[in-house]
Q: 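Structure below; questions to follow.
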Amino acid sequence: MRRGAAWQARGRPGARAGKSTLPERPGGGRPVGFIHHHARRMKLWSQTYIPTLKESPAEAEIASHRLLLRAGLVRKLAGGIYTYLPLGLRVLEKIKQICREEMEAAGAIELLMPHIHPAETWQKGPRWAAVREVMFSAGNASAQAEPAKEPQYVLGPTHEEVITPLVAAEITSYRDLPKNFFQIQTKFRNEIRPRYGLMRAREFVMKDGYSFDTTDEAATESYHRMEAAYRRFFARCGLRFIAVEADTGVMGGSFSHEFMVPAEIGDDDVVYCEESGYAANREKATSGLVPPDLQDAEPVGAVEEFATPGVTTIAQLEGDPWNVPAEAQFKTLLYVGDGKLFAVVLRGNDELEEAKLGSLGFQLYRPATPEEIEPVMGARPGSLGVVKGTIKAPEKLAGIFADHAIRLIGNGVTGANRDGFHLRNVNVARDLQITRFGDFRRVQAGEPCPKSGKPLKIERGIEVGHVFKLGTKYSECFGAVYMDDNKQKHPMIMGCYGIGISRTLQAIIEQSHDEDGIIWPWTVAPWQILVCMLDPELPEAVAVRDRIVAVAEAAGVDVLVDDRAERPGVKFKDADLIGIPLRITVGNRGLKEGVVELKWRSEKEFTKVPLAEVEEAVRAAIARGASSVQA
RNA sequence: CGGGGUGUAGCUUAGCCUGGUAGAGCGCUACGUUCGGGACGUAGAGGUCGUUGGUUCGAAUCCAAUCACCCCGACCA
């Protein structure tokens, strides 16, 4: 090694005279022995720390979580709280760097906001009640501190409440707009259920950005610029992803897209059509099941009550002796929204998509209990219906909302609001009491795409990014207004944009691995090249290694050299596990033959490269690696 | 927060049902033999059996409580 031992860690000399048991802050006296060395792109395995595991810890169930631990990227401190070891940190930094480049290319400006926020900041915001459920509070930890009723400080779960007042104070003129700020920072959310390693953690790294515009059109443009930047970012990370229309949820705002990575372990269902490009979160997805020009069916006869003793389910009514198919039944569900009862009517064979009830304008809603239902409807669940005149106390209902698809039934069967009785010949247009129609049903795979009419597909996905067009919810709340050229004040139009950086890291592993380990895309690999030294001490081997490293460093590529005194088998297994894209094996056997071996992690075969052609071959391989990820 | 499961050495685990003073593999240390796909031998170090309480002459084992972790549901990057 050219580099001597001088720079190696030798423990920090110098006294620790202070009373504090905390480490000194930088500037408080650097250890005398600290020698700065310029960053090199080569790292010796023996000089870093990559604790690979032969067996996977029992806590990890899914592939990416197992590999995070086995390849030595992270270690768990507590549920959903992880330390990044050197390998994990390198990947995280590479992802962050790509993110920075794309954000800046799209005109966003980086800043860094605090982790810790006065609770007051949030109390002034529009969603304190809803968000505090997932917030960590941070007060004084000393035993003397009285437990306060309200937290003094909280750890930031996101930063709308910080950026908006900042912009409100700083920017007052239309001349200073538009602005788009972003940061890459640790977020804290006390997840109800941390899961799958970094996938749903309580502490995680996120890129969050916020745009401020003067007009709605400009805000929409900002939104689309971010959406495009997100596409480039995820593509550069080597991910296959789909951008889908999404529900805006607690965030509020007018429209949004989620960036989803298809994976079995995802939390969301993505509905998509390859033909038309339609893609939506299932919570929001619609289908072309109900043609827009559908004519309502003519009545077939008078409504007729019939006894159905003991029948309380759609399935029972499908059986003998009634034989009413589910798709000819009306399903009547009762919910409580902000304290008021309301009804939702669906086809018997459809399922309610609860998230879609959000469009009704209630803050909070939940299924009603039989005890709440009976006094209003006159029957318990199983015999409910919304036929005019059968509801016991219709004035107590905040509304009766019907899914469009019930119009496909035409004439069907529904509950009589009398336990043990149902009604037949119920005609949608003639008999049902409906406040309004809407889209409330859950889309199923195979239904026609709303755009192309071709069958829709459904896949699980991991949400790695989300872009929202927010509107003025936060700017109005915090007084982020600008003055136009007529001295008129207007609230700024905002957008907000998130990328789960640490989640993206794991999503890449989930999407790119095999039974032997990780297969890093070239762009995010901790090192792009692994020089596997089978005989690390052999002078010829060291000479070849130096030639490889020289080419790589000239090309700006990172190289890890496995210089450990391990058996070849161990080195190969570890190489596969940590997933460096390009492996160059330098060993006694090959050298005698006058070759080194070049192998891609993603392929089975290796090629032999004559020693004279090493530089050329490495350069060609680097070019190939660089073009392997779409940029 | 509801449902299910698991806590034994750094990791993977046996033992628990049917109480009798804790066993293996990997990893670690030393030595020797090995050396191109997780080698072998010899000798070692390492465990208050998650915690607390109970039953018992005696508890890893039975009972109770508690904590932690994992999985399934509702929320999210």
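Quick note: numbers below take in every heavy atom, side chains included, and nothing from hydrogens, waters or symmetry partners. On a predicted model such as this, the values are computed, not experimentally measured, just so you know. A note on names: the letters A, B, ... follow the listed sequences, proteins ahead of strands, and every chain is numbered from 1.
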Q: Quick one: label A/Lys207 by what it contacts on the DNA or RNA (base, sugar-phosphate, nothing), any heavy atom closer than 4.0 Å.
A: nothing
Q: Tell me which of A/Ser502 and A/His65 sits closer to the 5' end of RNA chain B, going by the nucleotide each one is nearest to.
A: A/His65
Q: Pick base, sugar-phosphate or nothing for A/Ala575, based on heavy-atom distances below 4.0 Å to the nucleic acid.
A: nothing
Q: Might you list the N or O atoms of the protein lying below 3.5 Å from N or O atoms in nucleotides 39-46 of chain B, with each pair's distance?
A:
| unit_1 | atom_1 | unit_2 | atom_2 | d |
| --- | --- | --- | --- | --- |
| B/rA39 | OP2 | A/Arg567 | NE | 3.3 |

Q: Base, sugar-phosphate, or nothing: which does A/Asp208 touch, judged by heavy atoms less than 4.0 Å apart?
A: nothing
Q: Working to the nearest 0.5 Å, report the span between SG of A/Cys496 and NZ of A/Lys473.
A: 10.0 Å
Q: Expressed as a whole number of angstroms, how long is the span from A/Asp535:CG to B/rU34:C1'?
A: 14 Å
Q: Between A/Glu160 and A/Thr158, do the side chains contain a donor N or O and an acceptor N or O under 3.5 Å apart?
A: yes
Q: Within the 4.5 Å heavy-atom criterion, are A/Arg90 and A/Trp527 side-chain neighbours or not?
A: yes
Q: Using a heavy-atom cut-off of 4.0 Å across all strands, would you classify A/Glu191 as base, sugar-phosphate, or nothing?
A: base
Q: Between B/rG20 and B/rC31, how far apart are the two C1' atoms, rounded to whole Å?
A: 39 Å
Q: Which pairs would a plain distance check flag for residues 78-86 of chain A, meaning a side-chain donor or acceptor within less than 3.5 Å of a matching protein atom at least two apart in sequence or in another chain?
A:
| unit_1 | atom_1 | unit_2 | atom_2 | d |
| --- | --- | --- | --- | --- |
| A/Tyr82 | OH | A/His65 | NE2 | 3.4 |

Q: Could you check A/Glu354 against A/Asp574 and say which one's nearest nucleotide on RNA chain B is further toward the 5' end?
A: A/Asp574
Q: Among B/rC76, B/rG38, B/rG37, find the nucleotide with the atom closest to the side chain of A/Arg583.
A: B/rG37
Q: Donor-acceptor check, side chain of A/Arg66 to backbone of A/Glu61, threshold 3.5 angstrom: yes or no?
A: yes
Q: Tell me what A/Arg70 touches on the nucleic acid: a base, only sugar-phosphate, or nothing, going by heavy atoms under 4.0 Å.
A: base
Q: For B/rA77, give its Watson-Crick or G-U wobble partner with both distances under 3.5 Å, or none.
A: none
Q: Tell me the interatomic distance from A/Ile50, atom CD1, to B/rG27, atom C1', rounded to whole angstroms.
A: 17 Å
Q: Taking only side-chain N and O atoms of A/Tyr196, does any of them lie within less than 4.0 angstrom of OP1 or OP2 on B/rC76?
A: no
Q: Provide the Watson-Crick or G-U wobble partner of B/rC69, both distances under 3.5 Å; none if there is no partner.
A: B/rG5
Q: Checking A/Arg503 side chain against A/Glu463 main chain: does a donor-acceptor pair fall under 3.5 Å?
A: yes
Q: Atom CG of A/Asp516 to atom P of B/rG37: distance rounded to whole Å?
A: 14 Å
Q: Touch check for A/Met199, heavy atoms < 4.0 angstrom, all strands: base, sugar-phosphate only, or nothing?
A: base
Q: Roughly, in whole Å, what's the span from CG in A/Asp268 to C1' in B/rC76?
A: 9 Å
Q: Can you find a donor-acceptor N/O pair under 3.5 angstrom joining the side chain of A/Arg193 to the base of B/rC76?
A: no
Q: Would you please confirm or rule out a distance under 4.0 Å between OP1 or OP2 of B/rC76 and any side-chain N or O of A/Arg195?
A: no
Q: Along nucleotides 5-14 of chain B, 5' to 3', which nucleotides get a B, which get an S, and which get a -, given that the test is a protein heavy-atom distance under 4.0 Å?
A: ------BSS-
Q: So what does A/Gly587 touch, heavy atoms closer than 4.0 Å: a base, only the sugar-phosphate, or nothing?
A: base
Q: Is there a stack between A/Phe572 and B/rG38, judged by ring centres under 5.5 Å and planes under 30°?
A: no
Q: Mind calculating the distance between CZ (A/Arg127) and P (B/rC75) to the nearest angstrom?
A: 17 Å
Q: Which nucleotide, if any, forms a Watson-Crick or G-U wobble pair with B/rG44, using both distances under 3.5 Å?
A: B/rC28
Q: To the nearest Å, how far apart are A/Asp562 CG and B/rG37 C1'?
A: 13 Å
Q: Do the non-hydrogen side-chain atoms of A/Met113 and A/Leu111 ever get within less than 4.5 Å of each other?
A: yes
Q: Would you kindly give the NZ-to-P distance between A/Lys573 and B/rG27, to the nearest whole Å?
A: 14 Å
Q: What's the spacing between A/Ile518 CD1 and A/Ile578 CD1 if we round to 0.5 Å?
A: 8.5 Å
Q: How close or far is atom C1' of B/rG37 from atom CG of A/Asp514, stated in whole angstroms?
A: 14 Å
Q: Taking the side chain of A/Asp576 as heavy atoms from C-beta outward, which of B/rC76, B/rG37, B/rA77 is closest to it?
A: B/rG37
Q: Parallel under 30°, tilted from 30 to 60°, perpendicular over 60°: which one fits the rings of A/Tyr230 and A/Phe234?
A: perpendicular
Q: Which base, if any, makes a Watson-Crick or G-U wobble pair with B/rA39, both distances under 3.5 Å?
A: B/rU33
Q: With a 4.5 Å heavy-atom cut-off, do A/Phe440 and A/Asp350 have their side chains touching?
A: no
Q: Is it true that a side-chain atom of A/Lys331 and a backbone atom of A/Glu351 form a donor plus acceptor pair closer than 3.5 Å?
A: no
Q: Looking at B/rG38, does its base get a donor-acceptor pair with the side chain of A/Arg564 below 3.5 Å?
A: no
